[in-house]
Amino acid sequence: MTRLTTVARGLITAFAALLAATASTATAQAKTEPKAPKDFVALRSVDPTIIQEMRYVTPHNFVGERIDGYLQPTCILTRPAAQALHKAQRKLLRQGYTLKVYDCYRPQRAVDHFVRWAEDLDDEAMKGEFYPNVDKTRLFADGYIAEKSGHSRGSTLDITLVRLPAKPTRPYDPEEPLVPCFAPKGERFPDNSIDMGTGFDCFDTLSHTLDPRIQGEQRANRLLLKSALEGLGFVNLAEEWWHYTYKPEPYPDTYFDFPVSRKSLTGAH
């Protein structure tokens, strides 16, 4: 056997060992991903009629990229929250509306992603749409970003209303010009929801549910959503018209980190 052949065989052996180690690590990581408790459910299994437009699986969000932990565009909630949402949906369907969720359970790793982004003051790629009037240095102080989120407890969701028959929201194009989230509905991104005065995740005081500058049809739409949910145990966050938490929460002090994926609900214990 020549020296060259010996060296080649050695390199091949080393490369094979590296591949095996990599595969073993990937397998170990896949096996160790946390699972959801048994009383977490996919919203679709409780009410398939509620529209799901899971923004953090897409780049159309204030960060501008898919968020860590969002593996599939599926809404996951604690069962009591999902069942209460189903009751609200049945009433709204009779009134000619459907609910639409933007975000539901949010893993802690996603919250950590938000924090890293907020600390990077040079990354303002999505400022023109989501926080045009807010200095990024103020995101923590003004409460737009925090190290913990109620979403990670499983009973909080971001939600809106769509008039029936529901028209699809067109796909987001990352190359299109950014328009402020508080611009008139005909100018900002064409979400298929009814006009709430701002878009979802708009970092601005105009997003406060009862901001006095929001009047007329926009205010009536916010109050329609509020009244439909509050009678069934949901509590609105005053600073965000889209943000609701089901009370009492099954896990008021636990922040979960299992991925947003149907597999997180398979074989959960």
Side-chain angles (χ1 to χ4, degrees), residues 51-67 70 73 99-103 106 110-111 113-146 149 151 157-163 166-226 236-244:
I51 298 174
Q52 299 187 28
E53 187 181 311
M54 309 303 290
R55 286 286 185 88
Y56 298 139
V57 183
T58 78
H60 189 206
N61 58 66
F62 58 84
V63 176
E65 63 185 10
R66 179 193 285 249
I67 304 302
Y70 286 85
L99 292 166
K100 180 174 82 169
V101 292
Y102 295 112
D103 191 37
R106 180 185 305 165
V111 179
H113 191 169
F114 292 165
V115 170
R116 291 195 306 273
W117 166 81
E119 291 173 341
D120 181 2
L121 300 182
D122 294 326
D123 182 355
E124 294 190 327
M126 302 301 286
K127 179 178 176 64
E129 179 174 353
F130 291 96
Y131 55 107
N133 291 339
V134 178
D135 192 297
K136 196 172 182 184
T137 62
R138 297 287 309 171
L139 292 181
F140 289 103
D142 291 348
Y144 294 112
I145 300 293
S149 169
H151 283 272
L157 62 153
D158 296 328
I159 193 164
T160 190
L161 288 171
V162 175
R163 192 183 304 277
K167 298 178 181 179
T169 295
R170 71 161 173 79
Y172 169 69
D173 179 2
E175 300 300 320
E176 65 186 270
L178 298 179
V179 177
C181 52
F182 46 72
K185 184 172 174 59
E187 299 177 17
R188 61 180 185 263
F189 181 78
D191 190 310
N192 65 352
S193 68
I194 59 178
D195 189 2
M196 296 292 190
T198 77
F200 164 62
D201 259 356
C202 188
F203 294 0
D204 194 277
T205 53
L206 284 169
S207 294
H208 293 188
T209 307
L210 300 179
D211 187 286
R213 293 168 293 176
I214 302 297
Q215 293 294 328
E217 180 182 354
Q218 296 171 340
R219 187 177 187 86
N221 289 341
R222 291 186 183 190
L223 293 178
L224 175 61
L225 177 63
K226 195 170 186 285
N236 175 238
L237 178 67
E239 290 76 22
E240 299 177 350
W241 61 257
W242 57 82
H243 181 117
Y244 285 83

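Side-chain atoms are counted along with the backbone in the values below, which use heavy atoms only and exclude waters and symmetry mates.
Atom CD of Gln218 is separated from atom CG of Leu223 by 12.0 Å, given to the nearest 0.5 angstrom. In this structure, CZ in Arg66 is found 11.5 Å from NE2 in His113, a value given to the nearest 0.5 Å. Atom CH2 in Trp242 sits 7.5 Å away from atom CG in Asp158 (nearest 0.5 Å). The structure places CD of Glu239 at 10.5 Å from CG of Leu210, a figure rounded to the nearest 0.5 Å. Note that CG of Leu206 and CE of Met196 are 15.0 Å apart. Values are rounded to the nearest 0.5 Å. The CD1 atom of Ile145 sits 6.5 Å away from the CZ atom of Phe140 when rounded to the nearest 0.5 Å.
The two residues Leu121 and Ala118 have their closest heavy-atom pair at CD2-O, 3.7 Å. The nearest pair of heavy atoms linking Ile67 to Ala110 is CG2-CB, 3.6 Å. Contact detail for Ile51 and Ala166: the closest heavy-atom pair is CD1-CB, 3.8 Å. The nearest pair of heavy atoms linking Pro190 to Thr169 is O-CG2, 3.7 Å. Closest approach of Thr160 to Ser193, counting heavy atoms only: OG1-CB, 3.5 Å. Heavy atoms only, all atoms of each residue included: Gly197 and Ile214 are closest at CA-CD1, 4.3 Å.
With a 4.5 Å cut-off on side-chain heavy atoms, Asp201 and Arg55 do not count as touching. Put simply, the side chain of Leu225 reaches to within 4.5 Å of the side chain of Leu99, judged on heavy atoms. Val101 is listed as a side-chain neighbour of Met54, based on a closest heavy-atom distance under 4.5 Å. Residues Val134 and Tyr144 are in side-chain contact: their nearest non-hydrogen atoms beyond the backbone lie under 4.5 Å apart.
Residues forming a side-chain hydrogen bond (donor to acceptor under 3.5 Å, both in side chains) with Asn221 (at least two apart in sequence, or on another chain): none. Not counting sequence neighbours, the partners of Phe114 by the ring pair (Phe, Tyr, Trp, His ring centres under 6.0 Å) test are Tyr56, Phe62. Applying the side-chain hydrogen bond (donor to acceptor under 3.5 Å, both in side chains) rule to Tyr244 yields no partners; only residues at least two apart in sequence or on another chain are considered. Glu240 pairs by the salt bridge (charged side-chain N to carboxylate O under 4.0 Å, His left out) definition with nothing, not counting sequence neighbours. With sequence neighbours left out, the side-chain hydrogen bond (donor to acceptor under 3.5 Å, both in side chains) criterion links Arg188 to Asp195. Listed by chain and number, the residues in a side chain to side chain contact (heavy atoms under 4.5 Å, CB included) with Ser149 are Arg106, Val111, His151, Ser152 (sequence neighbours excluded). Listed by chain and residue number, Arg138 satisfy the salt bridge (charged side-chain N to carboxylate O under 4.0 Å, His left out) test with Asp142 (two or more places apart in sequence, or in another chain). Taking the salt bridge (charged side-chain N to carboxylate O under 4.0 Å, His left out) definition, one finds that Lys100 meets it with Glu53, Asp191, sequence neighbours left out. A search for salt bridge (charged side-chain N to carboxylate O under 4.0 Å, His left out) contacts involving Arg213 returns Asp211, not counting sequence neighbours.
Listed by first then second residue, pairs satisfying disulfide (SG to SG under 2.5 Å) with a partner in residues 192-222 read Cys181-Cys202, not counting sequence neighbours. Listed by first and then second residue, the side chain to side chain donor-acceptor pair (under 3.5 Å) pairs that reach into residues 173-187 are Arg170-Glu176, sequence neighbours excluded. The stretch residues 114-127 participates, sequence neighbours left out, in these side chain to side chain donor-acceptor pair (under 3.5 Å) pairs: Asp68-Arg116.
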- Item | Audit row: Asn61, Tyr102, side chain to side chain donor-acceptor pair (under 3.5 Å) steps and yes/no | CA-CA 10 Å; Asn61 58 66; Tyr102 295 112; over 6 Å; no
- Asp204 and Thr198: side-chain contact (heavy atoms from CB on, under 4.5 Å), yes or no, with the steps? CA-CA 9 Å; Asp204 194 277; Thr198 77; 5.9 Å; no
